[in-house]
Every structure is written in structure tokens, then in C-alpha cells.
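Input: a single structure, listed below in C-alpha cells.
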Amino acid sequence: MSEKLDPRVIRTRHLLRTALLTLIPRKGYASVTIQDITDEATLNRSTFYMHYTDKADLFASVIEDVLDELRTITPPPQKQLETARIHRIYERLFEHVQRHWDFYTLMLSEDSIASFASQMRQHIEHIAVQLVEPYANDMGAIDPALYASFVSSSFLGVIRWWLRTQPHPAPTEVATHFMQLTLGGMVKAFGLDAEALFGEQK
């Protein structure tokens, strides 16, 4: 966000957001109270209301911060669709997930906050549409919006798999698997380098 905040404000908001994310697995989102949050953050209620109107406002700010970062991961304008470029975009997406590992673990496993998954899927669809729209004429009968929906749903599924896989593969490895799963059908339509797609990524 462009707003420049006092470090004390940043610290207070961080404490409140961390408290909420800590409490949700214990009690469920619906059962967490403002008092629970302030107790966990070792702050008083008046401090909470200086920053947020209610629990939903706090939760929305947590989601928005993560989505703000996700929105920066967009494909740069480029005339030619290249396998290495696609892989780097995917790698950046999974690096983002790795940076927010605990957050995604919570958001994709807690039924009471499933709306987050919907918001994230919409943005992944937006990224995918940006990637393929310039080449829509080469896709024949494939609707770019259909492909975008497929990629976003697959992305969430791969994240869930990654979160529970031990040991956790590196983001670049997950990106490679994701490409192999989602882009194989595009090799012919886009003239992608099949050997680069299914071979070792450098």
C-alpha cells in the first residue's frame, strides 16, 4: 500500500493481525471475540478500535495485505509467449505462498473463512487471462476465460498438496510440476517448446 504509516501503528496492527490468525485455528473464526484478540495481542480494547471497526474489518485487512502482494505478480507485456517466462511467473506465485506459509495453511483449511479462496481464485484467473488474451486467436475454440478458471482452480489444488507434502518441495520445483500439469495442452496451440516444458527447468 502507498500509505506511509508510523512504525508504532505498523507494530500494533501486526500484533492484532497475528493474534487473530493465531486464534482462528484454536476457536474458529465465528467464536473469536474482540476481547480474545486484544488479550492475545496484549493490547486493550480501545487500542483495537483506534485501528479497526470490528473483527471483520481486521480480517479484511489481513486478506487485503496478502492480495496486494499477489496483485504485483503479473506477466510483463511481451509479444512472444515463452516457456521460461511462464515458469518464472509461476515460480513467483509459489514464492509468494512460501512467504505466507502459515497464512495460506490457515486460509485454505478453515471452512469459516473459505471466502478468501474465492478472492484468491479470482485474482489468479485475472493473471491467467492477462497471460493468454494476446494469443486468444491462436487458441481455436478454447475460451481464455475457461482456461483462466482451470488454472486458478488447479493452483489452489497444488497449494493444498504442497502445504501437506513432507518435505516441502522448493517453489521452483512446484512451479515446474504446475506447468507440466496445466500447460501440456497448450504446447500445440501456442507453439511452446515441449522439451523445455517437460524437461529440466533452468
Side-chain angles (χ1 to χ4, degrees), residues 1 10 13-26 28-29 32 58-76 78 81-132 144-186 196-198 200-202:
M1 295 184 180
I10 295 174
R13 292 183 180 180
H14 175 73
L15 288 171
L16 291 169
R17 293 172 185 182
T18 300
L20 177 60
L21 295 179
T22 300
L23 288 164
I24 290 173
R26 295 183 199 165
Y29 175 76
V32 175
L58 169 60
F59 183 60
S61 74
V62 174
I63 294 174
E64 189 62 24
D65 277 355
V66 175
L67 290 179
D68 274 350
E69 181 180 313
L70 192 61
R71 290 185 186 104
T72 68
I73 305 173
T74 55
Q78 190 165 325
L81 190 64
E82 297 177 348
T83 305
R85 175 174 173 249
I86 299 172
H87 185 271
R88 181 56 189 146
I89 294 168
Y90 285 174
E91 189 174 21
R92 289 183 63 199
L93 289 171
F94 290 111
E95 287 171 347
H96 161 83
V97 174
Q98 187 179 56
R99 283 192 297 274
H100 302 280
W101 190 266
D102 292 341
F103 176 82
Y104 277 93
T105 299
L106 172 64
M107 295 303 174
L108 295 180
S109 62
E110 176 63 40
D111 291 340
S112 65
I113 50 179
S115 61
F116 170 76
S118 176
Q119 293 181 52
M120 184 170 63
R121 182 166 53 249
Q122 289 173 14
H123 185 66
I124 298 300
E125 286 182 11
H126 178 67
I127 292 176
V129 166
Q130 283 186 299
L131 183 65
V132 302
L146 171 60
Y147 175 70
S149 178
F150 167 72
V151 168
S152 63
S153 297
S154 300
F155 180 66
L156 292 178
V158 170
I159 291 176
R160 290 188 175 96
W161 166 82
W162 192 24
L163 292 171
R164 63 175 181 263
T165 299
Q166 297 291 342
H168 303 303
T172 185
E173 182 180 350
V174 180
T176 298
H177 293 327
F178 189 55
M179 284 187 64
Q180 293 170 342
L181 289 168
T182 61
L183 300 187
M186 296 176 64
L197 176 61
F198 295 105
E200 182 180 356
Q201 291 292 330
K202 296 182 180 179

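Keep in mind the model is a prediction, meaning the values are calculated, not measured.
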- Go through the steps to decide whether Thr176 and Tyr90 satisfy the test side chain to side chain contact (heavy atoms under 4.5 Å, CB included), and finish with yes or no. CA-CA 8 Å; Thr176 298; Tyr90 285 174; over 6 Å; no

- Message: Distance check, rounded to the nearest 0.5 Å: Thr72 atom OG1 versus Leu67 atom CG?
- Response: 11.0 Å

- Query: In chain order, what residues pass the salt bridge (charged side-chain N to carboxylate O under 4.0 Å, His left out) check against Glu69, with sequence neighbours excluded?
  - Reply: Arg99

- Query: What residues, two or more places apart in sequence or in another chain, satisfy side chain to side chain donor-acceptor pair (under 3.5 Å) together with Ser152?
  - Reply: Glu125

- So, are Glu95 and Arg92 salt-bridged, with charged N and O less than 4.0 Å apart? no

- Message: Contact between Phe94 and Thr172 at the side-chain level, heavy atoms closer than 4.5 Å - yes or no?
- Response: no

- Heavy-atom side-chain proximity of Leu106 to Pro25 below 4.5 angstrom: yes

- Heavy-atom pair with the smallest gap, counting every atom of Arg17 and Ser61: NE-OG, 3.3 Å

- Task: For residues Leu58 and Leu16, report the shortest heavy-atom separation together with the two atoms involved.
- Result: CD2-O, 3.8 Å

- How many angstroms lie between NE2 in His100 and CG in Leu70, if you round to the nearest 0.5 Å? 9.0 Å

- Message: Just to verify, what does Arg164 make a side chain to side chain donor-acceptor pair (under 3.5 Å) with, not counting sequence neighbours?
- Response: none

- Message: Could you check whether any side-chain heavy atom of His168 comes within less than 4.5 Å of a side-chain heavy atom of Leu163, counting everything from C-beta outward?
- Response: no

- Item | Contacts of Leu15 that satisfy side-chain contact (heavy atoms from CB on, under 4.5 Å) - sequence neighbours left out | Arg11, Ala41, Leu43

- Note on the structure: Residue set satisfying side chain to side chain donor-acceptor pair (under 3.5 Å) with Tyr104, at least two apart, ordered chain then number -> His96

- State, yes or no, whether a side-chain contact exists between Phe103 and Val62 at a heavy-atom distance under 4.5 Å. yes

- Item | Test item: Trp162 side-chain N/O and Pro169 main-chain N/O as donor-acceptor pair under 3.5 Å | yes

- Query: Got a sec, which residues hit side chain to side chain donor-acceptor pair (under 3.5 Å) with Trp101, two or more places apart in sequence or on another chain?
  - Reply: none

- Message: Return the OH to CG distance between Tyr29 and Leu23, rounded to the nearest 0.5 Å.
- Response: 12.0 Å

- Query: Quick one: are the ring centres of Phe150 and Phe155 less than 6.0 Å apart?
  - Reply: no

- Message: Just verifying a value: how many Å separate Arg160 CZ and Thr105 OG1, rounded to the nearest 0.5 Å?
- Response: 11.5 Å

- Query: Say you draw a straight line from CG of Leu156 to CH2 of Trp161; how long is it, rounded to the nearest 0.5 Å?
  - Reply: 15.0 Å

- Side-chain donor/acceptor of Ser153 to backbone N/O of Ser149, under 3.5 Å: yes

